[in-house]
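Naming convention: chains lettered A, B, ... in sequence-line order (proteins, then strands); numbering from 1 in each chain.
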Amino acid sequence: MIKVSKLNKWYGKHHVLKDINMTVDAGEVVVIIGASGSGKSTLVRCINFLEKAQKGTITIDGQVISHKSKKLHLIRREVGMVFQHFNLFPHMTVMGNVIEGLVYVKGMPKEEAIEEGKRLLEKVGMADKADVYPSMISGGQKQRVAIARALAMNPKIMLFDEPTSALDPELVGDVLAVMQQLANDGMTMVVITHEMGFAREVADRVIYMDEGRIIEEGTPEEIYNNPKNERTKEFLSKIL
Amino acid sequence: MEILKYFYDFLPAAGMTLQVTAAGIIIGMALGLIFALMRLSKFKFLSYPAKFYIWLIRGTPLLLQLLFIYFGLVGIIKLDQIPSAFIALGIHNGAYIAEIFRGAIQSVDRGQREAGKSLGMTNWMIMRRIILPQALKRSIPPLSNQFIIALKDSSLASAIAVPELLLLARQYGSATYRLMDFLAIAAVYYLTMTTILTAIANLIEKKLNISDYRE
């Protein structure tokens, strides 16, 4: 579904991604872990072309995509993204956020979009808050709305950039539950998270990144129970 | 009670002040939005002219601009006093309002643009649906400030004989040798109008709930 090959990115002189090779198959859930500054967030943002890599290719659905393409907005419709800080549109209600893409990007009639919006908000347990503004709901609720907003575009793959890192601990569970349900429904997902419980239960594969490289990848058992690389061991000993 | 009669005489001049101000604000808002977007464009053929316009207009006095448009354009087109004042005030306010809009647009969190992009929106759609609605709300406090300045600046149109408040005060003053009385009348009109303008701005601000608006 997604193939990243030899991806390199620099911020000025700082080499943030070094020869990244990665594939994500349809229906697969890949969790990326690593310290801050390891490049994991940049990698995920490159897959959505929010960042431009200077070298290497990204293939989505067999199609090599150049960041110079004039049709990036069309590709992004296929790739849902959930941000650490939610990035809900504060001037729109919860329902408005969810149907924005349906109405203005897909051109769906508003009544139809609202029906779809209700279904999605139901799915993330936020149907009762459809008419309130984002400023009135908690972080966990915001993130669930953000997930519904991304799902509305019916993406082929969902990217999660530390979706629970900005949440109070007691709110994390609800968001992870929604993500787990998504995975069970067969959604292809790339998730940056340090929630090991989630990774163990949901991930097909865990990737450890450090200093812009993929250091080690494997099943959750392999990575968490028997890390081979010294750096992986050291990192895991810090977060466990 | 003679003074009351004069108050009444000044009413049309106050109306003219309002007209010049309104024209300045309306033209200024339109120009301001266009030039703010141009200035933020990544294309130099758009951003450079906008920078030049803002540099030129903010760097020269309004009085000079008024005189320039009224007398200076004679060779090209002949404009009457009132349209000259409308245009000069509009162009003048446009430069300041462009900077107000630019600041407000840039103050919208980067994540908003990214969220729009990740939904597959085009840049123009993101601007229109996501950024501008938030930016316009944030522009209201500095805009109301600019509107008050525009109202007072309209008095400079007296220099090209637009029959507004200050011109009338000076004419009555020199005819009767009671300039202070008539300046006082003009001042009362100005204060009344700026007070009303401020009240309206406060009302709009409250309605839009700017304070608890952030995500």
Side-chain angles (χ1 to χ4, degrees), chain A residues 41 44-45 47-51 70-92 94 96-107 133-139 142-143 145-155 157-161 166, chain B residues 29 33 36-37 40-46 100-144 201 203-215:
Chain A
S41 188
V44 164
R45 291 160 59 85
I47 296 176
N48 204 11
F49 299 93
L50 290 176
E51 304 274 354
K70 290 266 180 264
K71 289 180 177 149
L72 284 183
H73 62 281
L74 296 178
I75 292 141
R76 292 200 190 98
R77 289 175 196 184
E78 311 283 324
V79 182
M81 175 102 182
V82 174
F83 301 88
Q84 182 177 1
H85 295 288
F86 332 120
N87 297 346
L88 290 181
F89 306 133
H91 56 303
M92 300 177 191
V94 162
N97 268 275
V98 176
I99 66 172
E100 178 69 14
L102 289 175
V103 175
Y104 292 93
V105 178
K106 284 195 166 172
Y133 284 86
S135 59
M136 307 296 285
I137 58 179
S138 74
K142 282 180 194 170
Q143 197 58 298
V145 173
I147 293 173
R149 177 176 70 178
L151 285 178
M153 296 306 290
N154 201 14
I157 177 164
M158 288 278 283
L159 310 175
F160 295 82
D161 186 0
Chain B
M29 290 277 279
L33 185 58
L37 293 175
L40 290 169
S41 168
K42 61 185 174 203
F43 299 113
K44 285 186 175 143
F45 71 93
L46 291 173
I100 290 173
F101 283 154
R102 178 176 70 96
I105 288 169
Q106 285 178 325
S107 79
V108 175
D109 184 59
R110 211 167 66 120
Q112 292 289 307
R113 186 179 300 272
E114 291 183 348
K117 276 187 178 176
S118 75
L119 288 179
M121 295 176 125
T122 59
N123 284 332
W124 174 241
M125 215 186 284
I126 292 169
M127 185 53 80
R128 200 170 50 88
R129 293 286 311 163
I130 316 273
I131 309 291
L132 279 184
Q134 299 183 54
L136 292 181
K137 280 185 188 178
R138 287 180 198 185
S139 314
I140 289 169
L143 274 180
S144 67
L203 209 73
I204 294 172
E205 231 174 284
K206 225 179 213 165
K207 259 241 157 81
L208 293 178
N209 252 339
I210 287 177
S211 50
D212 62 329
Y213 166 70
R214 271 159 213 272
E215 196 191 344

Between Y104(A) and chain B, which part of the residue has a heavy atom less than 4.5 Å away: side chain, backbone, both or neither?
both
Could you pull out all residues at least two apart from R77(A) that satisfy side chain to side chain donor-acceptor pair (under 3.5 Å)?
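R77(A) satisfies side chain to side chain donor-acceptor pair (under 3.5 Å) with no other residue.
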Please determine, among M92(A), M153(A), R149(A), the option with the most heavy-atom pairs under 4.5 Å with chain B.
R149(A)
Using heavy-atom distances under 4.5 Å, tell me whether R113(B) contacts chain A through its side chain, its backbone, both, or neither.
neither
Sorted by chain and number, sequence neighbours left out, side-chain contact (heavy atoms from CB on, under 4.5 Å) with A201(B) holds for S144(B)
Between N87(A) and A115(B) (side chain of the first, backbone of the second, donor and acceptor by atom type, cut-off under 3.5 Å), is there such a pair?
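Flag not set: sc N87(A) to bb A115(B) has no pair under 3.5 Å.
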Short question: side chain of Q134(B), backbone of F89(A) - any donor-acceptor pair under 3.5 Å?
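No, because the side chain of Q134(B) does not come within donor-acceptor range (under 3.5 Å) of the backbone of F89(A).
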Result of checking T122(B), L119(B), N123(B) against H73(A) for side chain to side chain contact (heavy atoms under 4.5 Å, CB included):
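Considering T122(B), L119(B), N123(B), a side chain to side chain contact (heavy atoms under 4.5 Å, CB included) with H73(A) is found only for T122(B).
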For the candidates M121(B), R129(B), K117(B), E114(B), which exhibits the highest count of non-hydrogen atom pairs separated by less than 4.5 Å from chain A?
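Ranked by heavy-atom pairs under 4.5 Å with chain A, first place is R129(B).
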How close do P90(A) and Q112(B) get, counting heavy atoms only, and between which atoms?
CD-OE1, 3.4 Å
